[in-house]
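So the structure is just underneath, and the comments pick up after that.
By convention in this document, chain letters (A, B, ...) are assigned in the order of the sequence lines, proteins followed by strands, and residues within each chain are numbered from 1. On a predicted model such as this, the values are computed, not experimentally measured, just so you know.
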Amino acid sequence: MRFSKAFIPTQKEIRADATIPSHQLMLRAGLMRQLTAGVYVYLPLGYKAMLKAMEIVRQEMNAIGGQEFHLPALNPESLWIQTGRRDIPNFILSIKERDLVLAPTHEEVIAWIASLHIQSYKDLPQIWYQIQTKFRNEPRPRSGVLRGRQFIMKDSYSLDASWEGLDKSYDLHAEAYRNSFTRCGIKFFVVGASSGAMGGTGSQEFMVESPFGEDTVALCDQCGYAANLEIAASALPKAPRREENGPVVEVHTPNVRTIDQLAEFLKVPHERLAKSVVYRHNGSPVLIMMVGNDQLNESKLLSALGGGEASPMNAEDLKGLTGADGGSIGPVDLRGFRIIADKRLEGANGLISGANRNDYHLTNIDMQRDVTLEGYYDLRTVVAGEACTKCSSALKVSNAIELGHIFKLGTKYSEALNVSFLDEGGTAKPVIMGSYGIGIERIVACAIEQGHDANGIVWDKALAPYPVHVIAVNMNSKEVVLAANQVYNSLTGAGIEALFDDRASVSPGFKFKDADLLGMPFQVIVGEKGLKNGQFEIKRRKSGERMMIAKEELVATVEGLLRE
RNA sequence: CGGGGUGUAGCUCAGCCUGGUUAGAGCGCUUGCUUUGGGAGCAAGAAGUCGUAGGUUCGAAUCCUAUCACCCCGACCA
């Protein structure tokens with residue numbers, strides 16, 4: 001591609017509110033422009049990088065036996081009502097003029113097509129995938145292309161006759177994902193993740209560590225344990241059970257509102273304090289007991305409660321139901337609440353909690369004797385520095401960008417949409433599904449987050465829009481023009497895609513700056529300096545390393561560099 | 001959805017608090033000349049209903065009200 005004919009609108013300045021490097025560089029290098037909140041136009045150079053990412057993912061999906069589909073973005077609303085996902089908050093964008101919705105993912109459509117034609121265990125397993133635009137009603141798009149209302153996703157779905165089959169399809173996807181991201185040159189790690197409201201029995205996320213990531217993960221450098229904070233666990237001692245077990249006693253605790261104040265006032269360690277957190281779950285009140293200042297994790301809470309919606313109870317409701325304010329709530333003799341407790345409280349006694357009466361607390365609470373409990377669950381949020389459950393070394397907590405997510409879905413959608421097959425015994429059974437996604441924009445954005453310097457993008461050759469950037473330093477020199485054209489033609493002739501900066505009206509400095517900004521892996525610089533000795537210069541973008549190459553060895557040398 | 005902010009030339013922004021000539025800068029763009037190995041120089045030029053609609057005022061980019069869009073923090077993120 002000749003730069004003089006190309007649409008590559010590079011910019012020196014960009015708006016101040018583009019804060020993360022990938023967002024800034026995608027704008028500056030002319031890869032994309034924002035149309036409206038969360039919706040981006042991909043310009044030729046940006047789309048070329050995305051196509052490279054898509055092709056890598058496509059090859060890896062084909063390698064595990066995936067079959068590519070193209071499913072419609074427009075779906076009948078009824079399909080989504082059937083699975084109960086029409087009303088998930090902030091999820092679906094819809095068409096005003098028809099009873100159609102814009103698909104945010106495609107489990108429903110896949111289940112529909114499977115229900116038409118999958119009849120026997122002999123038709124299974126299947127892996128179906130597509131690379132397509134998705135739409136979601138994001139309340140607040142942000143971070144450039146990392147979270148948009150419209151984005152391209154590789155989504156795939158496995159259909160199996162058995163749970164063992166699902167495990168196999170899932171493992172195949174994990175392998176395909178590892179291969180894809182590795183080939184894209186991205187440093188990533190895999191974490192255990194919450195299945196959330198997708199339902200299902202297991203899931204993992206493919207993560208890129210980044211301060212701009214929206215996910216938080218716990219990592220163990222020693223043994224490799226890695227989990228999304230939504231499910232991460234650590235090894236903390238339980239609240240103790242003591243020999244003496246006196247009766248519950250009410251104590252006056254004037255103006256004590258927080259756990260810290262209570263510990264100070266009663267001169268007891270935090271492990272003896274049972275904090276009560278109050279939520280509404282699907283409308284009903286739930287009291288959650290936590291040790292001391294342990295932070296309740298809402299994802300864990302939701303899975304403990306079996307899904308649905310949960311939110312903290314507001315102050316008036318709380319007062320009305322318990323007769324007390326936030327700091328004085330407790331589990332003893334509390335009517336009308338479901339009560340659950342964090343595992344650290346299992347079997348403990350001698351605990352102190354609110355008396356459901358302002359300015360009073362109860363002591364000597366015994367979880368076994370005094371609390372009507374529904375169960376113990378892991379409900380606390382892991383804090384950095386706590387011990388790994390596997391190897392006891394200190395856990396690290398980091399932010400991360402989610403590149404991909406794989407789910408063992410199970411039968412939720414096949415049951416809702418009646419996707420069944422006859423097994424070897426002739427019994428009808430629901431098809432067992434898996435669902436797997438990769439964000440294409442995120443691949444590109446993460447590649448830039450991990451591949452840039454002060455001068456611009458540093459593409460890995462796997463995703464670079466062009467592997468080589470040819471620069472004709474001075475278009476007023478006939479020799480340079482002639483030689484640069486020859487270089488461009490011979491590279492192109494050898495099947496190497498090159499961007500050729502043949503602009504006549506642009507100074508050499510401008511071309512060099514643009515080349516570094518655009519970040520192609522290798523720059524071939526054709527200037528009078530080198531031509532004097534019959535040489536071209538090759539600059540490796542990543543290291544800045546320069547080498548002078550004899551004219552006739554140029555193509556072979558570039559081919560060698562690209563094979564590295 | 002709660003809190004905060006921004007909207008002025010193609011782009012990035014100043015001007016607004018404290019109303020008053022013909023609304024500015026840098027970059028980009030056009031033309032000419034010069035320059036040509038790290039975002040060139042000189043000269044001339046084109047380019048803005050100051051987001052939109054009302055209001056206050058002799059007079060509004062500037063003050064007030066409404067509205068739309070966008071951004072940031074939070075909530076949310078199957």
Completion exercise
Scanning all shown strands, the Watson-Crick or wobble mate of B/U56 with both distances under 3.5 Å is none

Handout entry: Carboxylate-amine/guanidinium contact A/Lys275 A/Asp342, below 4.0 Å
Key = no

Exercise for the section: Report the distance from atom CD1 of A/Ile20 to atom P of B/C72, rounded to the nearest whole Å. Expected result: 10 Å

Practice task
Write down the distance separating the C1' atoms in B/G20 and B/G39, rounded off to the nearest Å.
Solution key: 41 Å

Handout entry: Derivation of the side chain to side chain contact (heavy atoms under 4.5 Å, CB included) call for A/Val190 and A/Phe181
Key = CA-CA 11 Å; A/Val190 185; A/Phe181 301 138; over 6 Å; no

Problem - 5'-most by nearest nucleotide on RNA chain B - A/Glu138 or A/Met475 - result: A/Met475

Exercise for the section: Classify the nucleic acid contact of A/Ile525 as base, sugar-phosphate or nothing, counting any heavy atom under 4.0 Å across all strands shown. Expected result: base

Exercise for the section: Write down the distance separating the P atoms in B/C71 and B/U8, rounded off to the nearest Å. Expected result: 14 Å

Problem - Strand partner of B/G10, provided both Watson-Crick or wobble distances fall under 3.5 Å - result: B/C27

Handout entry: C1' atoms of B/U67 and B/U6, separation to the nearest Å
Key = 16 Å

Problem - Nearest-Å distance once atom P is located in both B/C33 and B/C17 - result: 48 Å

Exercise for the section: Determine which nucleotide pairs with B/U21, using a 3.5 Å limit on both distances of a Watson-Crick or G-U wobble pair. Expected result: none

Practice task
Tell which nucleotide pairs with B/U67, taking only Watson-Crick or G-U wobble pairs whose two distances are both under 3.5 angstrom.
Solution key: B/G51

Fill in the blank from the handout: A/Ile88 atom CD1 is separated from B/C77 atom C1', nearest whole Å, by 11 Å

Problem - B/G28 versus B/C73 - spacing of their C1' atoms, nearest Å - result: 34 Å

Exercise for the section: Check whether the side chain of A/Asn474 and the base of B/G37 form a donor-acceptor pair under 3.5 Å. Expected result: no

Practice task
Using a 4.5 Å cut-off on heavy atoms from C-beta on, say whether the side chain of A/Val444 contacts that of A/Trp459.
Solution key: yes

Practice task
May I ask you to say what A/Glu402 touches in the nucleic acid, namely base, sugar-phosphate or nothing, with a heavy-atom cut-off under 4.0 Å?
Solution key: nothing

Practice task
Flag the pair A/Glu537 and A/Lys529 as a salt bridge only when some basic side-chain nitrogen lies within less than 4.0 angstrom of an acidic carboxylate oxygen.
Solution key: no

Handout entry: 4.5 Å side-chain heavy-atom contact, A/His281 and A/Leu301
Key = no

Problem - Who pairs with B/G37 - Watson-Crick or G-U, where each distance is under 3.5 Å - result: none

Handout entry: Among B/G39, B/G37, B/C70, the one nearest A/Gln34 by side-chain distance
Key = B/C70

Fill in the blank from the handout: Taking for A/His23 and for A/Asn455 the nucleotide of RNA chain B with the nearest heavy atom, the one nearer the 5' end belongs to A/Asn455

Handout entry: Note: A/Lys542-A/Asp453 ion pair, threshold 4.0 Å (strictly below)
Key = no

Exercise for the section: Tell which nucleotide pairs with B/C42, taking only Watson-Crick or G-U wobble pairs whose two distances are both under 3.5 angstrom. Expected result: B/G32

Handout entry: Any N/O donor-acceptor pair, A/Arg546 side-chain to B/G38 base, under 3.5 Å
Key = yes

Practice task
Look at all strands and tell whether A/Pro104 reaches a base, only sugar-phosphate, or nothing, counting heavy atoms closer than 4.0 Å.
Solution key: base

Exercise for the section: Using a 4.0 Å heavy-atom cut-off across all strands, classify A/Asp215 as base, sugar-phosphate, or nothing. Expected result: nothing

Practice task
Determine the contact category for A/Ala16: base if any of its heavy atoms lies under 4.0 Å from a base atom, sugar-phosphate if only primed atoms, P, OP1 or OP2 are that close, otherwise nothing.
Solution key: sugar-phosphate

Practice task
Please evaluate the base of B/G28 for a donor-acceptor partner in the side chain of A/Gln11 within a cut-off of under 3.5 Å?
Solution key: no

Problem - Spacing of the P atoms in B/A61 and B/C13 (rounded, Å) - result: 23 Å

Practice task
In whole angstrom, give me the gap between the P atoms of B/C27 and B/U34.
Solution key: 22 Å

Problem - A/Thr36 side chain near B/C70 phosphate (N/O to OP1/OP2, under 4.0 Å) - result: yes

Exercise for the section: Establish, with yes or no, whether the OP1 or OP2 oxygen of B/C72 is under 4.0 angstrom from a side-chain nitrogen or oxygen of A/Arg140. Expected result: yes

Practice task
Assign A/Gly530 to base, sugar-phosphate, or nothing according to its heavy-atom contacts below 4.0 angstrom with the strands shown.
Solution key: base

Exercise for the section: Report yes if a donor N or O on one partner sits less than 3.5 Å from an acceptor N or O on the other, where the partners are the side chain of A/Glu13 and the base of B/G26; otherwise report no. Expected result: yes

Exercise for the section: Please confirm whether any donor atom in the side chain of A/Arg28 sits under 3.5 Å from an acceptor in the base of B/G39, or the reverse. Expected result: yes

Problem - Base-pairing mate for B/G2 - Watson-Crick or G-U, with both contacts under 3.5 Å - result: B/C73

Practice task
Considering non-hydrogen atoms only, spot the tightest contact between A/Leu25 and A/Gly456 and give its length.
Solution key: CD2-CA, 3.7 Å

Problem - A/Arg147 (side chain) and B/C77 (base): donor-acceptor pair under 3.5 Å - result: yes

Problem - Separation of the C1' atoms in B/G7 and B/A14, to the nearest angstrom - result: 14 Å

Fill in the blank from the handout: When every non-hydrogen atom of A/Glu230 is compared with those of A/Ser194, the smallest separation belongs to OE1-CB, 3.3 Å

